[in-house]
Amino acid sequence: MRASNIEPAWNGVSKFLHWLVALLIFTQLALGWLAATWRLSPTKLELFVWHKSVGMVVLGLVVLRLAWRLASRAPPLPAGMPGWERVAARTSHVLLYVAMLGMPITGWVVSSASGVPFRVFRRIALPSIAPVDKHIADLASLVHLWLGLLLAALLLVHIGAALRHHFIQRDEVLIRMLPARRLPK
Ligand code: HEM
Ligand code: HEM
């Protein structure tokens, strides 16, 4: 049986995962930038412990979120939305998922290929997913950087679109993703 979504709002699990992952992604963009630019010191290492550990939590949550998304129904886009806007919404959401998965995976490859053992939250040993190789580490690092920039750009468009729906088009698209709001059927 398919899990049901109270249309036209998003179900509680989808909302919870959307906002939790959103919070962690903003934290990760800031932590990643801080860790990469901090001068070599114990603080820099500490920032990396947090960045890599929270990043692995994000990976787990996004896999869970995708599984839930595929098992439940998403509310339909507002009737009368032009075709180009539907395509833009779908494409940008798919790209957001690609970036949300691609960021932790490329980070994990950088960590593995650089050959420095890592423990998530200083406890669980992170298994290696790439051979120790400087070229692989450099390439994955470049992809991590550019995918991060793409993610930041997508987020500007995503947040801009949500605000446009709410303040200019005055439809329910933002409201139906807000935590405490339940829309009637
Ligand atoms: C202030 C920040 C944010 C706002 C205001 C916001 C708003 C929204 C809204 C209103 C929707 C529902 C669209 C619909 O009903 O069709 C949505 C969906 C979505 N959001 Fe966000 N969002 C934010 C941050 C983020 C972040 C940080 C990410 C991840 C990087 C993200 C990823 C997504 C994805 C992938 C969907 C599509 C859900 C699906 O179809 O499974 N959002 N967002
Ligand atoms: C949602 C997840 C993640 C986001 C949004 C993110 C974002 C970023 C950003 C913005 C930077 C600074 C720009 C750069 O130098 O590339 C960075 C650097 C870095 N991140 Fe992440 N990251 C995530 C997950 C991870 C994970 C899971 C790991 C490792 C297990 C990781 C390892 C690194 C490393 C080693 C750097 C230093 C620069 C490099 O060698 O590429 N990241 N990250």
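Numbering of ligands and ligand atoms starts at 1, following listing order. Side-chain atoms are counted along with the backbone in the values below, which use heavy atoms only and exclude waters and symmetry mates. Here, residue 1 is the first one in the sequence, and each next residue gets the next number.
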Open item on the list: With a 4.0 Å cut-off on heavy atoms, is Phe48 in contact with ligand 2?
Closed with: yes
TODO: Look at the side chain of Ser112 and the backbone N and O of Ser128, then say whether any donor-acceptor pair between them is shorter than 3.5 Å.
DONE: no
Open item on the list: With nothing but distance in play, are any N or O atoms of Trp108 less than 3.5 Å from an N or O of ligand 2?
Closed with: no
- [ ] Identify the two heavy atoms, one from Arg90 and one from Leu77, that lie closest to each other, and give their separation to 0.1 Å.
- [x] NH2-CD1, 3.9 Å
- [ ] Look only at the side chain of Ser111 and the backbone of Gly107, and say whether a donor-acceptor pair between them is shorter than 3.5 Å.
- [x] no
TODO: Starting from atom 15 (O) of ligand 2, locate the nearest protein heavy atom and write down its residue, its atom name and how far away it is, to 0.1 Å.
DONE: Ala36 CB, 3.7 Å
Task: Residue, atom name and distance, where the atom is the protein heavy atom closest to atom 12 (C) of ligand 1 - done: Trp10 NE1, 3.6 Å
- [ ] Tell me which part of Leu145 gets within contact of ligand 2: side chain, backbone, both or neither, using heavy atoms under 4.0 Å.
- [x] both
Open item on the list: Please tell me whether Leu17 and Val62 are part of a single hydrophobic cluster in this structure, the criterion being side-chain heavy atoms less than 4.5 Å apart.
Closed with: yes
- [ ] Flag the pair Arg176 / His165 as yes when at least one side-chain heavy-atom distance between them is below 4.5 Å, and no otherwise.
- [x] no
Task: Ser92 OG to Leu155 CG distance, which is reported to the nearest 0.5 Å - done: 10.0 Å
Open item on the list: Need the ligand 1 atom indices (1-based, order shown) with element for anything under 4.0 Å from a heavy-atom of Leu96.
Closed with: 30 (C), 32 (C), 33 (C), 35 (C)
- [ ] Please write down residue, atom name and distance for the protein heavy atom closest to atom 34 (C) of ligand 1.
- [x] Arg65 NH2, 3.3 Å
Open item on the list: Can you tell me if Gly148 contacts ligand 2 (heavy atom of the residue under 4.0 Å from the ligand)?
Closed with: no
Open item on the list: Checking contacts here: is it the side chain or the backbone of His165 that comes within 4.0 Å of ligand 1, counting heavy atoms only? Could be both or neither.
Closed with: neither
TODO: Give the atoms of ligand 2, by number and element, whose distance to some non-hydrogen atom of Met56 is under 4.0 Å.
DONE: 27 (C)
Task: Inter-residue atom distance Leu45.CG - Leu40.CG, 0.5 Å rounding - done: 6.5 Å
Open item on the list: What protein heavy atom lies closest to atom 26 (C) of ligand 1? Include the residue and the distance to one decimal.
Closed with: Leu155 CD2, 3.4 Å
- [ ] Measure the CG-OG1 distance between Leu101 and Thr106 for me, rounded to the nearest 0.5 Å.
- [x] 10.5 Å
Task: Nearest non-hydrogen protein atom, atom 39 (C) of ligand 1 - done: Arg69 NE, 3.1 Å
Task: Atoms in ligand 1 with a heavy atom of Tyr97 nearer than 4.0 Å - done: 35 (C), 38 (C), 39 (C), 41 (O)
TODO: Distance to 0.1 Å, residue and atom name: give those for the protein heavy atom nearest to atom 38 (C) of ligand 2.
DONE: Ser141 OG, 4.3 Å
- [ ] Can you sort out which atoms of ligand 1 are near Leu77, meaning under 4.0 Å from one of its heavy atoms?
- [x] 16 (O)
Open item on the list: Could you identify the single nearest non-hydrogen protein atom to atom 29 (C) of ligand 1 and state the distance to 0.1 Å?
Closed with: Met100 SD, 3.5 Å
Task: Between CZ on residue Arg164 and CD on residue Gln169, distance to nearest 0.5 Å - done: 4.0 Å
Task: Nearest-neighbour protein heavy atom for atom 16 (O) of ligand 1, which is reported as residue plus atom name and distance - done: Arg176 NH2, 3.2 Å
Open item on the list: Are Ser72 and Trp10 packed together at the side-chain level, in the sense that at least one heavy-atom pair is separated by less than 4.5 angstrom?
Closed with: no
Task: Shortest reach to atom 11 (C) of ligand 1 by a heavy atom, considering only Met81, Gln28, Met177 - done: Met177
TODO: Report the nearest protein non-hydrogen atom to atom 31 (C) of ligand 2: residue, atom name, distance rounded to 0.1 Å.
DONE: Gly107 CA, 3.5 Å
Open item on the list: Within this structure, what is the CE-CG distance for the pair Met100 and Leu66, rounded to the nearest 0.5 Å?
Closed with: 7.0 Å
Task: Minimum-distance atom from atom 21 (Fe) of ligand 1 among N, O or S atoms of His158 - done: NE2
- [ ] Could you say whether the N/O atoms of His144 and ligand 2 ever approach to under 3.5 Å?
- [x] yes
Task: Parallel, tilted or perpendicular: rings of His93 and His158 (30°, 60°) - done: perpendicular
- [ ] Could you find the nearest protein heavy atom to atom 1 (C) of ligand 2 and give me its residue, atom name and distance?
- [x] Val58 CG1, 3.7 Å
Task: Co-membership, hydrophobic cluster, residues Phe118 and Trp38, 4.5 Å side-chain - done: yes
Task: From CA spacing to verdict: side-chain contact (heavy atoms from CB on, under 4.5 Å), Tyr97, Arg65 - done: CA-CA 10 Å; Tyr97 277 118; Arg65 183 174 167 187; 3.5 Å; yes
Open item on the list: Taking atom CZ as the centre, does Phe16 end up with more than 12 heavy-atom neighbours from other residues, nucleotides or ligands that are less than 6.0 angstrom away?
Closed with: no
- [ ] Using a strict 4.0 Å cut-off to heavy atoms of Val110, name the atoms of ligand 2 that fall inside it.
- [x] 35 (C), 40 (O)
Task: Protein contact of atom 5 (C) of ligand 1 - nearest heavy atom, named by residue and atom, plus distance - done: Trp19 CH2, 3.7 Å
Task: Distance, nearest 0.5 Å, that separates NE2 of His18 from CG of Leu61 - done: 13.5 Å
TODO: Give the numbers and elements of all ligand 1 atoms closer than 4.0 Å to a heavy atom of Ile159.
DONE: 1 (C), 2 (C), 3 (C)
Open item on the list: Test your reading of the model: is there a side-chain donor-acceptor pair from Lys15 to the backbone of Met177, 3.5 Å cut-off?
Closed with: no
Open item on the list: One residue to check: Pro104. Relative to ligand 2, which of side chain, backbone, both or neither has a non-hydrogen atom less than 4.0 Å away?
Closed with: both
Task: Min N/O separation His51 to ligand 2 under 3.5 Å - done: yes
Task: Protein contact to atom 10 (C) of ligand 1 [nearest heavy atom, distance to 0.1 Å] - done: Val173 O, 3.3 Å
Open item on the list: Checking a contact table here: which protein heavy atom is nearest atom 9 (C) of ligand 2, and how many Å away?
Closed with: Gly32 CA, 3.7 Å
